[in-house]
Amino acid sequence: MAVVETRYGKVEGTSNGDVCAFKGIPFAAPPAGARRWHPPAPPAPWSGIRAATGWGKQAWQQAVENAGMLSFVFNIRNAAFRDEDCLQLNVFTPDADTAKRPVLVWIHGGGFQGGTGGTPVYDGSNLARRGDVVVVTINYRVGALGWLNLHELTQGRIPASGNEGLLDQIEALRWIRDNVGAFGGDPGNVTVFGESAGAMSVGALLASPSAKGLFHRGILISGATSTANTLDRAVEVADGLLHKMGLSPKDDVHKLMALDPEAVIEAAAGYRAAGGGMSFQPCVDGNVLAEFPLDAVRGGAADGIPILVGTQRDEWRGFTLNNPQTSNLDEAGLLAEVSSNVEDAASLISSYRRIRDGRGDSTDPTSLFAAIETDRKMRMPAIDLAEALAARGESGHHYIFGHESPWEGGRLGSPHAIIIGFVFGTHAMSEESTAFFGSGEGADAVSAHLQDAFCSLARTGSPRTPAMANWGPYDVQARSTGIFVDPVQVESAPYDEERALWAGREVSLPFGPSRW
C-alpha cells in the first residue's frame with residue numbers, strides 16, 4: 001500500500017509494483033445543502049489516513065441502466081453511487097516520489113449531463129506506465145446542478161452563474177497545483193485533456209480568466225471552443241426549467257434549494273429549450289467566462305499553451321444510426337434535417353454526395369447526414385480552433401482518429417467516443433469494451449501511438465513521435481494532420497474538399513439552438 005500526505009491529510013492507495021493508484025480523493029467540500037449551486041470550496045482536512053482504494057461517488061445524474069454502445073463510459077454502479085458529494089479525483093502515478101513528471105488531467109464527457117471520472121475505462125494506469133506521467137481523472141457537477149444559471153432570475157439569492165461545473169474543474173486544478181508534487185508530478189507542467197463535453201470544457205478553460213496559469217497544455221478530443229450558451233439563453237433555460245417544476249424564482253428559492261437532487265435531475269432530463277441543442281453547457285456570464293471561447297482564443301487567451309485538437313473520422317454516424325428520426329432518412333428528410341442548421345442545405349448535400357461518390361463512400365441520405373453532422377458538429381469546430389491558433393502564430397496540432405469499431409459488424413466506422421479506450425489503453429479490458437473498441441495487434445499499436453503522442457505533447461509541447469516525425473503545427477497552407485490508424489501517418493489537408501464547403505457558410509452553433 002502507498003501513503004501520500006496531501007495538504008488536507010494523508011491518503012492510502014494501492015500499488016501493483018509499477019503504478020500507484022489513489023481513488024476517490026476529495027478536492028472540494030460537498031456542494032450540497034446550503035452549498036448547492038455555489039462555487040466549490042476547499043475540502044475539510046482529516047486526521048489519520050484516508051483510504052483511497054476504490055472509485056468514489058459520481059455527480060448526481062440520470063441513472064443509466066443500458067447506455068448501449070457507450071455503456072462502457074458510464075459506471076454501472078451509478079444508480080447507487082450518485083451523490084451531490086461528488087467532487088473527488090483519482091491519481092495514477094509510477095511512483096509518489098520527487099521525479100516531477102508531466103501531469104495529464106482528464107475531464108470526462110457525457111454531454112454535460114452525465115459521466116464520471118471514476119470508472120474503469122478511465123483507469124490511468126496504462127497511460128501513466130507507458131508515458132512515465134501522472135494521470136488525474138476528475139469529477140464535476142453535471143446537468144442542472146452544475147450548469148444552470150440561477151443568479152439572474154433569483155437576483156443573486158442563488159449565486160449560480162451556470163458555470164459551477166467549470167468552477168469545479170478549476171478547483172480540481174488548484175488542488176492539483178498544490179498537491180500533485182507529493183504524487184511525483186510537476187505542478188508546473190499540467191496538461192488538461194478531455195473528450196466530448198470534456199473537450200468543450202477544455203475549450204472553456206482556455207477562455208476563462210479563473211483558470212489562467214493552472215494548466216500549460218491542452219488536448220481537445222471531439223470538442224473545441226465553439227460550445228457555450230449566451231447569458232440570455234442560459235436565463236431562458238433556467239426560466240423554462242423552473243416553470244416546468246412549478247417553481248417561482250421570486251418566491252420559491254428555499255423550495256428549490258431543498259429539492260431532492262433526483263427531482264432536479266428528472267425535470268432537467270426531460271427539458272428541452274426552444275431551438276434545440278444542449279440546454280446545459282458553459283455560460284458566457286461575463287465573469288467565469290467573459291466571452292465566447294473561440295473569440296477569446298482569437299484574442300490571445302490560449303497564447304503560450306500548445307494545443308492538440310481533433311476528431312474521429314465518423315463522429316456522428318453512431319448517433320445518426322441510433323436515432324429513429326435519422327436512421328432511415330429519405331431525400332426529403334435529409335433536406336429537412338440539414339436545413340434546420342445550415343444555409344443553402346440543398347447545395348451542401350449535393351456537394352457532399354459528389355465528393356463522397358468520387359471517393360467511393362456511401363451516399364445514401366443517412367450516410368450523407370452523418371457525414372455533414374460530423375463536420376458541422378465536430379471537425380469544423382476543431383479546425384476553427386486550429387486556424388485561430390495558427391493566425392496568432394501559436395502551436396496547434398490537428399489529428400483525425402480513424403480506427404474502426406467492430407460494433408455490429410463495423411457499421412459505425414470510427415464513431416464518437418471510440419478513441420477513449422485507446423487513450424487509456426483500456427480498449428480490451430473486457431468483452432464489453434472489446435465489442436466496441438476492438439482488440440488485437442492493430443488496436444494495440446494504435447493505442448500505443450496515441451498514448452505516445454499525448455505524452456509527447458505533455459512533455460515537450462509537440463505531439464510528434466518517431467513514428468510521426470513529420471507532423472507539423474497546423475496552418476492554412478499545409479494543414480498537417482496526424483492520422484491515427486494502423487499504421488499511423490501524417491497527411492496534408494485530408495478531406496479538404498468537404499472543409500472548403502463550410503468556408504463563409506452560415507450555420508447554427510454545433511450544440512446550440514437551430515439558426516433558422
Side-chain angles (χ1 to χ4, degrees), residues 222 224 226 276 309-387 390 398-405 408-416 418 474-485 489-511 514-516:
S222 305
S226 298
V309 60
T311 57
Q312 278 74 260
R313 189 193 65 212
D314 307 304
E315 287 276 4
W316 219 250
R317 185 161 179 81
F319 295 125
T320 299
L321 293 177
N322 285 296
N323 181 352
Q325 185 173 325
T326 58
S327 61
N328 192 27
L329 290 170
D330 58 17
E331 293 295 336
L334 171 63
L335 182 61
E337 290 288 341
V338 177
S339 295
S340 68
N341 291 306
V342 179
E343 182 187 52
D344 193 10
S347 171
L348 186 70
I349 292 167
S350 175
S351 295
Y352 264 79
R353 177 170 276 121
R354 171 182 54 79
I355 293 167
R356 289 176 62 85
D357 187 55
R359 195 185 293 135
D361 292 336
S362 299
T363 58
D364 61 276
T366 295
S367 294
L368 287 175
F369 178 73
I372 289 169
E373 286 297 272
T374 288
D375 287 349
R376 185 182 76 85
K377 278 186 159 74
M378 295 290 182
R379 192 168 72 100
M380 287 312 301
I383 288 174
D384 286 343
L385 172 56
E387 289 186 348
H398 179 245
Y399 77 86
I400 293 175
F401 186 89
H403 182 83
E404 297 188 356
S405 171
E408 295 185 352
R411 73 190 189 108
L412 304 183
S414 183
H416 190 70
I418 190 175
Y474 193 90
D475 60 50
V476 296
Q477 287 77 43
R479 300 189 185 276
S480 179
T481 301
I483 309 293
F484 286 95
V485 291
Q489 53 199 264
V490 177
E491 294 184 14
S492 292
Y495 306 103
D496 206 48
E497 286 186 274
E498 289 97 328
R499 179 203 60 77
L501 295 174
W502 298 91
R505 185 182 291 273
E506 289 281 335
V507 298
S508 64
L509 289 175
F511 295 95
S514 300
R515 191 177 188 91
W516 325 111

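What you see below is based on every heavy atom in this structure, not just the backbone, and it leaves out hydrogens, waters and symmetry mates.
Taking CG from Leu412 and OG from Ser405, the interatomic distance works out to 5.5 Å, rounded to the nearest 0.5 Å. Interatomic distance, CG of Leu334 versus CD1 of Ile349, reported as 3.5 Å (0.5 Å rounding). Interatomic distance, Phe369 CZ to Glu337 CD, rounded to the nearest 0.5 Å: 5.0 Å. Residue Met380 holds its CE atom at 11.0 Å from CD of Glu498, rounded to the nearest 0.5 Å. Separation of atoms CZ (Phe484) and CD1 (Ile418) is listed at 14.0 Å; rounding is to 0.5 Å. The distance from the CG atom of Asn328 to the CG atom of Leu321 is 10.0 Å, given to the nearest 0.5 Å.
Using a 4.0 Å cut-off between a side-chain N of Lys or Arg and a carboxylate O of Asp or Glu, Asp496 and Arg499 qualify as a salt bridge.
Pro365 and Leu329 get closest at one heavy-atom pair: CB-O, 3.4 Å. Residue Thr374 comes nearest to Trp316 through the heavy atom pair OG1-N, 2.8 Å, listed as atom of the first residue, atom of the second, then distance. Between His403 and Val485, the closest heavy-atom pair is N-CG1, 4.1 Å. For the pair Ala382 and Thr311, the tightest heavy-atom approach, listed with the atom from each and the gap, is CB-CG2, 4.2 Å. Between Ala345 and Ser339, the shortest heavy-atom distance links the atoms CB-OG, 3.4 Å. Heavy-atom minimum distance, Asp344 versus Ser347: OD2-CB, 3.1 Å.
Distance alone, capped at 3.5 Å, places no donor-acceptor pair between the Ser350 side chain and the Ala346 backbone. Here the side chain of Ser514 pairs no donor or acceptor atom with the backbone of Asn341 at under 3.5 angstrom. Although no hydrogens or angles enter the test, the distance criterion places no donor-acceptor pair under 3.5 Å between the side chain of Ser367 and the main chain of Thr363. The main-chain N or O of Phe401 is found under 3.5 Å from a side-chain atom of Ser414 such that the two form a donor-acceptor pair. Thr481 places a side-chain N or O within donor-acceptor distance of the main-chain N or O of Arg479, the cut-off being under 3.5 Å.
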Practice prompt. Show your reasoning for whether side-chain contact (heavy atoms from CB on, under 4.5 Å) applies to Leu501 and Asp375.
Written response: CA-CA 10 Å; Leu501 295 174; Asp375 287 349; over 6 Å; no
Discussion item. As a quick check of understanding, evaluate side-chain contact (heavy atoms from CB on, under 4.5 Å) for Phe319 and Glu373, giving each step before the final call.
Written reply: CA-CA 10 Å; Phe319 295 125; Glu373 286 297 272; over 6 Å; no
Discussion item. Between Arg376 and Ser508, is the side-chain contact (heavy atoms from CB on, under 4.5 Å) condition met? List the steps.
Written reply: CA-CA 9 Å; Arg376 185 182 76 85; Ser508 64; 3.0 Å; yes
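Counting heavy atoms from C-beta on, the side chains of Phe511 and Lys377 come closer than 4.5 Å. Counting only heavy atoms from C-beta outward, the side chains of Tyr495 and Ile355 never approach each other to under 4.5 Å. The shortest distance between side-chain heavy atoms of Asp357 and Arg354 does not fall below 4.5 Å. By the 4.5 Å heavy-atom criterion applied to side chains, Gln312 and Met378 are not counted as neighbours.
Applying the ring pair (Phe, Tyr, Trp, His ring centres under 6.0 Å) test to every pair with at least one member in residues 323-367, sequence neighbours left out, gives no pairs at all. Each salt bridge (charged side-chain N to carboxylate O under 4.0 Å, His left out) pair with one or both residues in residues 311-325, not counting sequence neighbours, appears once here: Arg313-Glu404.
The ring-ring contact (aromatic ring centres under 6.0 Å, His included) search around Tyr474 returns His398, not counting sequence neighbours. For Glu408, the side-chain hydrogen bond (donor to acceptor under 3.5 Å, both in side chains) test picks out Arg411, with sequence neighbours left out. For Glu331, the salt bridge (Lys or Arg N to Asp or Glu O under 4.0 Å) test picks out Arg353, with sequence neighbours left out. A search for salt bridge (Lys or Arg N to Asp or Glu O under 4.0 Å) contacts involving Arg505 returns nothing, not counting sequence neighbours.
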